[in-house]
Number of protein chains: 2
Amino acid sequence: MPTRPPSMGYPATLSEVARLAGVSLPTASKAMNGRGDVAAATRKRVLDAAEQIGFTPNQLARSLLVGRSGTVGLLTSDLEGRFVLPILMGAEDAFGAGQVNVFLCDARGDHIREQHHLKALLNRRVDGIIVVGRQTDPRPSLGHDLPVPVVYAYAPSDDPDDLSLTPDNEAGSRLAVEHLIACGRSRIAHITGDPSYAAAQDRVRGVQQALAAAGLELHGEAMFSEWSERWGRDAAAVLLDRHPEVDAIACGSDQIARGVLDTLRDLGRLVPDDVAVVGYDNWEVLTTNARPELTSIDANLQQLGREAALALFRAMDSSQPEPKGVQYKPVRLVIRGSTIAHR
Amino acid sequence: MPTRPPSMGYPATLSEVARLAGVSLPTASKAMNGRGDVAAATRKRVLDAAEQIGFTPNQLARSLLVGRSGTVGLLTSDLEGRFVLPILMGAEDAFGAGQVNVFLCDARGDHIREQHHLKALLNRRVDGIIVVGRQTDPRPSLGHDLPVPVVYAYAPSDDPDDLSLTPDNEAGSRLAVEHLIACGRSRIAHITGDPSYAAAQDRVRGVQQALAAAGLELHGEAMFSEWSERWGRDAAAVLLDRHPEVDAIACGSDQIARGVLDTLRDLGRLVPDDVAVVGYDNWEVLTTNARPELTSIDANLQQLGREAALALFRAMDSSQPEPKGVQYKPVRLVIRGSTIAHR
DNA sequence: AAACTCCTCGAAACCCTTTTCGCAGAACCT
DNA sequence: AGGTTCTGCGAAAAGGGTTTCGAGGAGTTT
């Protein structure tokens, strides 16, 4: 009696292929995988048989045997955030090209859930893990007693022995302010978001570095509150009341910049003629629909995700000690109408 | 000689646990899984041993044996879109609670890539697949010769024998217009996006149903172009030039509504006093930062994802014929300041 | 014709876990 | 004391594939 009802069980097995082709099971395996030691005619018979009954190799069995699953875990702290998705896309893209599939786990900011997902991933014998955070603030390490390599993206690990990839926020706002200065501005203000975010602090630092390098000073204090359009509007109103001479505003996010643009418009200040504005994040929905379109800093998040995937690949393959620590990845300036008229 | 160098191989196996606990392998298995037939003392010995060497059960082996992997595939046509993510979250959430893990595959709108991912998922023996599209236009079915159940979310399958869950766009804009009428508006216009989208057509139909039910007519033609703020601005300018009497505008998206709000402000029309505005999608970043905040239609996408997961669950468990066809899921109205003053 | 090489193929072991089934021994009954 | 019922545990098979190694046959050489 056959172990499986013939011609009905959907996932045909290799032994059925072998039987149909009139060869032994190992020969069928070799034929399917292009290993040597199989005559051309035999190989063809096997391939035809496989085709005929719609054989699909069972990855579970293969993985079990060879000791690697060809899967990785993508552990996000929060899917909601706008920054996670591009990283996800980049990573999925890079892995997809290498026959690796991605388990998506969303811990929703909960440590317990994160541990639970981590355990599930290890049980499934993933070959590696990418941890994606929603902020650039350091996050607790998963630890080093894991049987697989881990790469942290966006939110770096707080353990310097881990490998973390995060955008260079300091360089980003430096770039923005250097651009403003190159545009002939000298009375530059900075409106940004929640001061408890490392991103806010890093970007302020970048602004000040660029100003100092040009022998300039910030006009007014850096203004912190929340990452919202509303705050951008309010802050700009206050700023222009106190410092009407300002001729450029570097913003901590595109949302804030959108609010700033609104207030400038309300006050009759022309952008970029009277005041130049630069955002941060290059969130296209916001930047390309602004009036005028918004110059911004793009963190190349998709590229970041791709690089995280590649770093993990290397760590998986070689199991040699990969370079460690936090790598700050370059960002780029995208110039639009809010800093240069007529584009 | 042990098959594995002792106390080094990271993934400890059950047989090592058994050896350490001084029992046979099957007994260890029973002890770990809480099956009967194991004395309490023995069970404790086994659990202690497992704890000691950090045993994690190999899901690959278990899956291979029991014939289901406890994984599902999430096949998206495009991760970029704003609508896919909430659905993803809902689905991942629902599955996560049920010990099921999710393979994320992004076909990026490419049919070839989709087929490639589908094959990979089947090779990995997923127990089911959710297909998430980025538009509500029907999409080609994956077919019925698949060994696992499939549920389509957002973009319905073009095959009525498939199960599809999609938001009820017609009801959505009906809801929006009924709300405008309830607010005392009667001279209502409609500005929407790309006419090649089913969403645009469905929403126009809903608008007209609600108007007809109240004995009203649309002011001006429905205005189609693209789903952007820019178009919202331009369309509103044209509309108010030709039909200055308009007292409410139902928009096909929040982005369009934001543009409409901008133009109304430029023209000195008060919102909602002179003109009420309602958006669509309830994209919080846009709605809650608008001036005034934007009333909108929420498609409950996270809930949609969760329901898709549950439907797939049922189909996987029972393998009974699930209900088929396209299910239109209810949407809800979120009222904010753009239709009612003072909230 | 014998010896040798090369090429194809199959037997068997292995990956890790679950499950069925039967075997002992202990406890219970009469 | 002898028979019966539990109880706790282990031997073996199963799940689907890969790999090593050896066997047999054909072709080549001396």
Side-chain angles (χ1 to χ4, degrees), chain A residues 1-5 9-47 49-50 53-70 122-125 127 147, chain B residues 1-5 9-47 49-50 53-70 122-125 127 147:
Chain A
M1 184 167 72
T3 56
R4 164 194 304 289
Y10 253 118
T13 75
L14 188 56
S15 68
E16 296 178 49
V17 173
R19 201 184 323 144
L20 184 59
V23 299
S24 77
L25 197 148
T27 302
S29 171
K30 286 176 221 160
M32 291 297 300
N33 298 333
R35 298 221 169 270
D37 277 6
V38 173
T42 311
R43 164 159 298 140
K44 177 156 173 25
R45 273 215 320 285
V46 172
L47 291 178
I53 64 178
F55 168 73
T56 57
N58 189 329
Q59 275 292 345
L60 295 173
R62 177 179 296 184
S63 301
L64 179 60
L65 188 60
V66 302
R68 33 168 60 200
S69 62
L122 294 179
N123 286 353
R124 294 205 182 279
R125 296 298 189 263
D127 298 329
Chain B
M1 184 168 72
T3 56
R4 164 193 306 288
Y10 253 119
T13 76
L14 188 56
S15 69
E16 296 178 50
V17 174
R19 202 185 321 146
L20 185 58
V23 299
S24 78
L25 195 151
T27 301
S29 171
K30 286 176 221 160
M32 291 298 300
N33 298 334
R35 299 220 168 269
D37 278 7
V38 173
T42 311
R43 164 159 299 139
K44 175 154 172 30
R45 274 214 321 285
V46 172
L47 292 179
I53 64 176
F55 168 72
T56 57
N58 189 329
Q59 275 291 347
L60 295 173
R62 178 179 293 179
S63 300
L64 179 60
L65 190 59
V66 302
R68 34 169 59 199
S69 63
L122 294 179
N123 286 354
R124 294 205 183 278
R125 295 299 189 261
D127 298 329

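These values consider heavy atoms only, across backbone and side chains, with no hydrogens, waters or symmetry-generated copies. Each chain gets a letter, A, B and so on, in the order its sequence line appears, and its residues count up from 1.
Here C:dT8 presents its P atom at 13 Å from CZ of A:Arg45, a figure rounded to the nearest Å. For the pair B:Phe55 CZ and C:dC16 P, the computed distance is 10 Å after rounding to whole Å. C:dC16 atom C1' lies 14 Å from atom CZ of B:Arg19, rounded to whole Å. Distance, B:Leu64 CG to C:dT18 C1': 11 Å, rounded to whole Å. Atom CG of B:Leu60 is separated from atom C1' of C:dT18 by 15 Å (rounded to the nearest Å). As a whole-Å value, the separation of A:Glu16 CD from D:dG15 P is 11 Å. Distance NZ (A:Lys44) to P (C:dT8): 17 Å, rounded to an integer number of Å.
Every residue two or more places apart in sequence or in another chain that forms a side chain to side chain contact (heavy atoms under 4.5 Å, CB included) with B:Leu20 is listed here: B:Ala49, B:Gln52, B:Ile53. Here A:Arg124 pairs with B:Asn101 under the side chain to side chain donor-acceptor pair (under 3.5 Å) rule; sequence neighbours left out. In this structure, B:Leu65 has no side chain to side chain contact (heavy atoms under 4.5 Å, CB included) partners at least two apart in sequence or on a different chain. Residues satisfying the side chain to side chain donor-acceptor pair (under 3.5 Å) criterion with B:Thr27, sequence neighbours excluded, are B:Ser24. By the side chain to side chain contact (heavy atoms under 4.5 Å, CB included) test, B:Leu64 is found to be paired with A:Asn58, A:Ala61, A:Leu64, residues two or more places apart in sequence or in another chain being considered. Take B:Ala28 and apply the side chain to side chain contact (heavy atoms under 4.5 Å, CB included) test, not counting sequence neighbours, and it matches B:Leu14, B:Ala18, B:Val23, B:Val46. Remark: B:Thr42 pairs with no residue by the side chain to side chain donor-acceptor pair (under 3.5 Å) rule, at least two apart or across chains.
Comparing the local axis fitted to the first five base pairs of the helix from C:dA1-D:dT30 to C:dT30-D:dA1 with the one fitted to its last five gives a bend of 60°, rounded to 10°.
Ranked by how close their nearest DNA chain D nucleotide is to the 5' end, B:Arg125 and B:Gly22 are led by B:Gly22.
Note on B:Thr42: only backbone sugar-phosphate atoms sit closer than 4.0 angstrom, heavy atoms only; bases stay farther off.
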What nitrogen or oxygen pairs link the protein and nucleotides 18-21 of chain D at under 3.5 Å?
| from | atom 1 | to | atom 2 | distance (Å) |
| --- | --- | --- | --- | --- |
| D:dT18 | OP1 | A:Asn33 | ND2 | 2.9 |
| D:dT18 | OP1 | A:Arg62 | NE | 3.0 |
| D:dT18 | OP1 | A:Arg62 | NH2 | 2.9 |
| D:dT18 | OP2 | A:Ser29 | OG | 2.7 |
| D:dT18 | OP2 | A:Asn33 | ND2 | 3.4 |
| D:dT19 | OP2 | A:Arg35 | NE | 2.8 |
| D:dT19 | OP2 | A:Arg35 | NH2 | 3.2 |

Stepwise, does the side-chain contact (heavy atoms from CB on, under 4.5 Å) test hold for B:Thr56 with A:Arg125?
-> CA-CA 9 Å; B:Thr56 57; A:Arg125 296 298 189 263; 3.1 Å; yes

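Taking all atoms of both residues into account, the shortest heavy-atom contact from B:Leu60 to A:Ser63 is CD1-CB, 3.8 Å.
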